[in-house]
Structure formats: structure tokens, C-alpha cells
Number of protein chains: 2
Amino acid sequence: MSGMTMATEARPFSEPLDRLKRAGLRPTRQRLALARLLFSRGDRHVSAEQLHAEAKTARVVVSLATVYNTLNQFTRAGLLREVVVKAGRSYFDTNTSDHHHVLAVATGDLMDIPAGTLAVSGLPEVPDGLEVERVDVVVRLRPRA
Amino acid sequence: MSGMTMATEARPFSEPLDRLKRAGLRPTRQRLALARLLFSRGDRHVSAEQLHAEAKTARVVVSLATVYNTLNQFTRAGLLREVVVKAGRSYFDTNTSDHHHVLAVATGDLMDIPAGTLAVSGLPEVPDGLEVERVDVVVRLRPRA
DNA sequence: AGATAGATTAGATCCATTCTAAACTGTTGA
DNA sequence: TCAACAGTTTAGAATGGATCTAATCTATCT
């Protein structure tokens with residue numbers, strides 16, 4: 001974990017910076033720190049409040065408003081994907097590739113289903129002037145009766 | 001639209017009453033009126049605010065709190081199904097049979113996809129102690145680029 | 001009809017999210 | 001290098017959907 005230059009795969013500090021630049025977002029202290037929290041450990045599903053708390057723990061000074069702004073900007077830039085599975089709360093998924101979700105309703109646990117394993121067939125015809133943005137599949141699990 | 005007795009299929013006034021009774025809910029004036037609004041014209045997707053406005057238009061005196069209560073009770077009783085497609089707003093679907101949805105993101109229009117036409121294959125294994133409650137598919141449409 | 005559990009209600013409250021407008025900062029170009 | 005400006009951050013206010021409270025009302029049972 002030093003600042004030295006090395007292969008792309010192992011550049012934990014400059015990778016977030018590149019992401020921001022590519023997305024046309026100014027690499028500010030706050031955005032860099034949040035990008036680091038979001039992207040440095042695999043696929044995650046976070047809410048704004050969660051990320052804000054995490055930032056606080058990591059001694060990153062950032063307001064809740066900025067966390068919201070940043071999550072929305074990252075989403076618009078394609079760095080995150082919004083997941084709507086629960087009324088009244090938004091989650092953001094760091095996995096932006098084509099995939100689906102399993103939700104354990106009782107616990108709120110959300111997991112990815114890799115794209116390849118699941119297939120949807122028989123999609124209806126798309127009305128004129130519209131196109132499919134994406135197809136979301138959510139498998140809802142409950143405790144066995 | 002008269003109160004006369006006739007075959008089950010065409011009994012607009014007593015059908016809601018039967019529904020409530022079967023669900024173990026007291027047939028109050030408010031619940032009957034809301035059931036009538038909800039179920040007397042085909043499959044619908046409504047929010048609480050929408051239904052409340054509709055009730056007002058129909059000269060049905062009912063508070064917003066009761067609309068919320070009723071929608072939740074009906075959902076618990078299996079008369080409605082909650083549809084989560086938009087962060088921060090709940091919709092209730094009068095179609096409780098197995099089916100999916102198409103959402104026109106730009107307009108907010110929500111339409112049903114009949115169960116038969118669409119198939120999901122390759123569902124992941126279900127962890128021990130859990131079972132599939134249901135599988136929701138949402139096809140998101142956007143204006144063609 | 002009287003008793004009572006359940007239902008309704010207005011208004012307060014909650015909570016996630018967005019807005020506001022003032023202060024701050026990254027970037028650009030002289 | 002640094003002034004200037006557009007973009008960013010921020011605390012706190014505002015918004016909006018949904019729930020809660022506790023007082024009043026009503027369907028139901030005896």
C-alpha cells in the first residue's frame with residue numbers, strides 16, 4: 001500500500017483517481033475518499049447513511065449531503081448502479097456489470113447473481129420510440145415456513 | 001350500476017364485501033369504498049396518494065392514514081401486491097397473480113407482463129432455511145437514444 | 001341495546017433525501 | 001505564479017412519503 005507506480009491491477013490509490021477523471025468528475029478530497037471506500041474491496045451494496053458512517057469511522061470528513069451528491073453523480077457516471085428493492089431506501093451497487101439480485105427479505109441481505117447463471121426469455125415487444133435500459137431480476141427469499 | 005342481485009361475475013357491490021370477509025377484515029364503509037375503487041376496473045397500479053385523491057373525487061370521505069392502513073392490510077391479506085420500482089414511493093398492484101412488470105422510466109408508466117410470456121431460468125440455489133417468496137422481473141424502458 | 005375490540009382520524013412525527021445559499025477549492029490561463 | 005471562475009462542499013432548512021398517537025367512532029357479539 002505505497003504510492004509507487006505499478007501495474008494497473010494493483011494501484012489502489014490512483015485507480016479511483018482514474019475512475020473520476022474518466023467520468024469527468026473533479027478529483028476532490030471527498031470524492032477520492034468515497035471512491036476508495038466504495039471500490040477498494042469488491043462488490044458492495046451500500047446506502048448513503050452506511051457510507052457516511054463508514055467515512056466517519058475512517059476519519060474522512062464529509063457531509064451527508066456530499067455523500068448523497070457523490071452517490072448520485074457516480075451513478076449518473078456509470079460508476080455505480082442504483083438498486084431499488086425496498087420501499088423508502090436506496091442502495092448503490094458497486095457492481096455495474098450485467099447481473100441480478102437475491103434479497104433475503106427478513107434480514108435485508110442483498111446478494112448478486114452473476115449475469116451468466118440466470119436468463120430471462122420471452123421479453124415483451126418494446127413500444128416504438130423506447131428501448132430496454134435493463135432488465136432487473138430480484139429473487140425474494142423468506143424464512144422457510 | 002344498480003343494487004340489484006345478479007350473477008357473481010356482475011355483482012359490483014357485494015364482491016368487495018366478499019373479498020373483505022374472506023380476508024377476515026371488517027367491512028367498514030371506508031374499506032368497502034376503497035375496495036370498490038381498487039377492484040372494480042381491472043388491473044391497476046396505485047399509490048396511496050393517488051387512491052386518496054380518487055376517493056375524494058368519488059365523494060368518499062376517508063383520511064390519508066386510513067388509505068395507508070387499508071393498502072397495507074389488503075397487501076397482508078393477499079388482496080394486493082406491493083410493487084417496488086421507484087425509490088421513495090410504493091405502488092400497489094391489484095393483480096396478485098404471478099406476473100412481471102415493464103416500467104417506462106421517463107413517464108413512470110407501469111405495465112404488467114403476463115406470467116406465461118416471460119420465463120426466468122437458472123435461478124441460484126436457495127440457502128438452507130430459506131425459500132423463494134417470489135421472483136420479480138422489471139423491464140426498464142427509456143426513450144430510444 | 002350495551003359492551004368491547006377493532007377501525008378511523010387529524011395532526012404530529014419520523015426519516016430519507018433534496019435544497020439553499022454561503023464558503024471553499026481545483027483548474028485554467030495570463 | 002496567482003487571480004478568477006466554475007465547480008464543490010457544507011450545515012441546516014425544507015420536502016415528501018409514510019407511520020404513529022391517542023381520542024373518537026363503529027361493527028359485532030351477547
Side-chain angles (χ1 to χ4, degrees), chain A residues 14 16-37 45-56 58-77 79-80 82-92 108 110, chain B residues 14 16-37 45-56 58-77 79-80 82-92 108 110:
Chain A
S14 56
L17 196 148
D18 290 348
R19 268 175 199 268
L20 294 184
K21 282 194 174 162
R22 259 180 269 125
L25 293 168
R26 275 195 198 173
T28 64
R29 181 177 56 72
Q30 292 88 338
R31 294 212 267 236
L32 281 168
L34 293 175
R36 211 127 60 214
L37 289 172
H45 306 100
V46 291
S47 70
E49 296 278 357
Q50 274 168 28
L51 185 57
H52 187 232
E54 229 174 272
K56 183 172 281 178
R59 298 270 188 291
V60 172
V61 175
V62 58
S63 72
L64 182 56
T66 294
V67 173
Y68 274 103
N69 289 340
T70 302
L71 287 172
N72 288 327
Q73 290 153 353
F74 282 14
T75 301
R76 252 176 272 125
L79 269 46
L80 291 175
E82 194 173 358
V83 187
V84 182
V85 285
K86 233 171 98 186
R89 194 166 206 112
S90 279
Y91 289 90
F92 295 86
L110 191 60
Chain B
S14 56
L17 197 146
D18 290 348
R19 269 175 199 268
L20 294 185
K21 281 193 173 163
R22 259 180 268 124
L25 293 168
R26 277 195 198 172
T28 63
R29 181 177 55 73
Q30 291 87 339
R31 294 214 267 236
L32 281 169
L34 292 176
R36 211 129 58 214
L37 288 173
H45 307 99
V46 290
S47 71
E49 296 278 358
Q50 273 169 30
L51 184 56
H52 187 231
E54 227 175 273
K56 182 171 284 178
R59 299 271 189 289
V60 173
V61 175
V62 58
S63 72
L64 183 55
T66 295
V67 172
Y68 275 104
N69 288 340
T70 303
L71 287 173
N72 287 328
Q73 290 152 353
F74 281 15
T75 301
R76 251 176 272 125
L79 269 46
L80 290 175
E82 195 175 356
V83 187
V84 182
V85 286
K86 232 169 99 184
R89 194 167 206 111
S90 280
Y91 289 90
F92 296 87
L110 191 59

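Just so we're on the same page: letters track the sequence lines, and every chain starts at 1. The basis for the numbers below is simple: all heavy atoms, side chains too, and nothing from hydrogens, waters or symmetry mates.
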Treat primed atoms plus P, OP1 and OP2 as sugar-phosphate and everything else as base, then score nucleotides 25-30 of chain C 5' to 3': B for base contact with protein heavy atoms under 4.0 Å, S for sugar-phosphate contact only, - for none.
BBS---

Letter by letter from the 5' end, nucleotides 16-22 of chain C scores (B base, S sugar-phosphate only, - none; protein heavy atoms under 4.0 Å) SBBB---

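Between the CG atom of B:N72 and the CZ atom of B:F92 there is a distance of 5.0 Å, given to the nearest 0.5 Å. Between the CG atom in A:L110 and the OG atom in A:S47 there is a gap of 11.5 Å [rounded to 0.5 Å].
In terms of heavy atoms, B:L64 sits closest to B:A48 at CD1-O, 4.3 Å. Shown here for B:R31 and B:R26, the closest heavy-atom pair between the two residues is NE-O, 3.1 Å.
By the 4.5 Å heavy-atom criterion applied to side chains, B:T70 and B:Q30 are not counted as neighbours. Side-chain contact check for B:K86 versus B:Y91: some heavy-atom pair is nearer than 4.5 Å.
For residues 46-55 of chain A, the pairs satisfying salt bridge (charged side-chain N to carboxylate O under 4.0 Å, His left out) are A:R41-A:E54, A:R44-A:E54, with sequence neighbours left out.
Here C:dT8 presents its C1' atom at 12 Å from CG of B:L34, a figure rounded to the nearest Å. Look at CD on B:Q30: it is 8 Å from C1' on C:dA7, rounded to the nearest Å.
Between the side chains of A:E82 and A:T75, no donor N or O sits under 3.5 Å from an acceptor N or O.
Every residue meeting the side-chain contact (heavy atoms from CB on, under 4.5 Å) condition with B:A55, not counting sequence neighbours, appears here in chain and number order: B:L34, B:L37, B:V60, B:V62. The ring-ring contact (aromatic ring centres under 6.0 Å, His included) check on B:H52 picks up nothing, with sequence neighbours excluded.
Note on B:V67: nothing from the nucleic acid sits closer than 4.0 angstrom, heavy atoms only.
For C:dA7, neither phosphate oxygen OP1 nor OP2 lies less than 4.0 angstrom from any side-chain nitrogen or oxygen of B:Q73.
The outermost nucleotides of DNA chain D lying under 4.0 Å from heavy atoms of chain B, listed 5' to 3', are D:dG17 to D:dT28.
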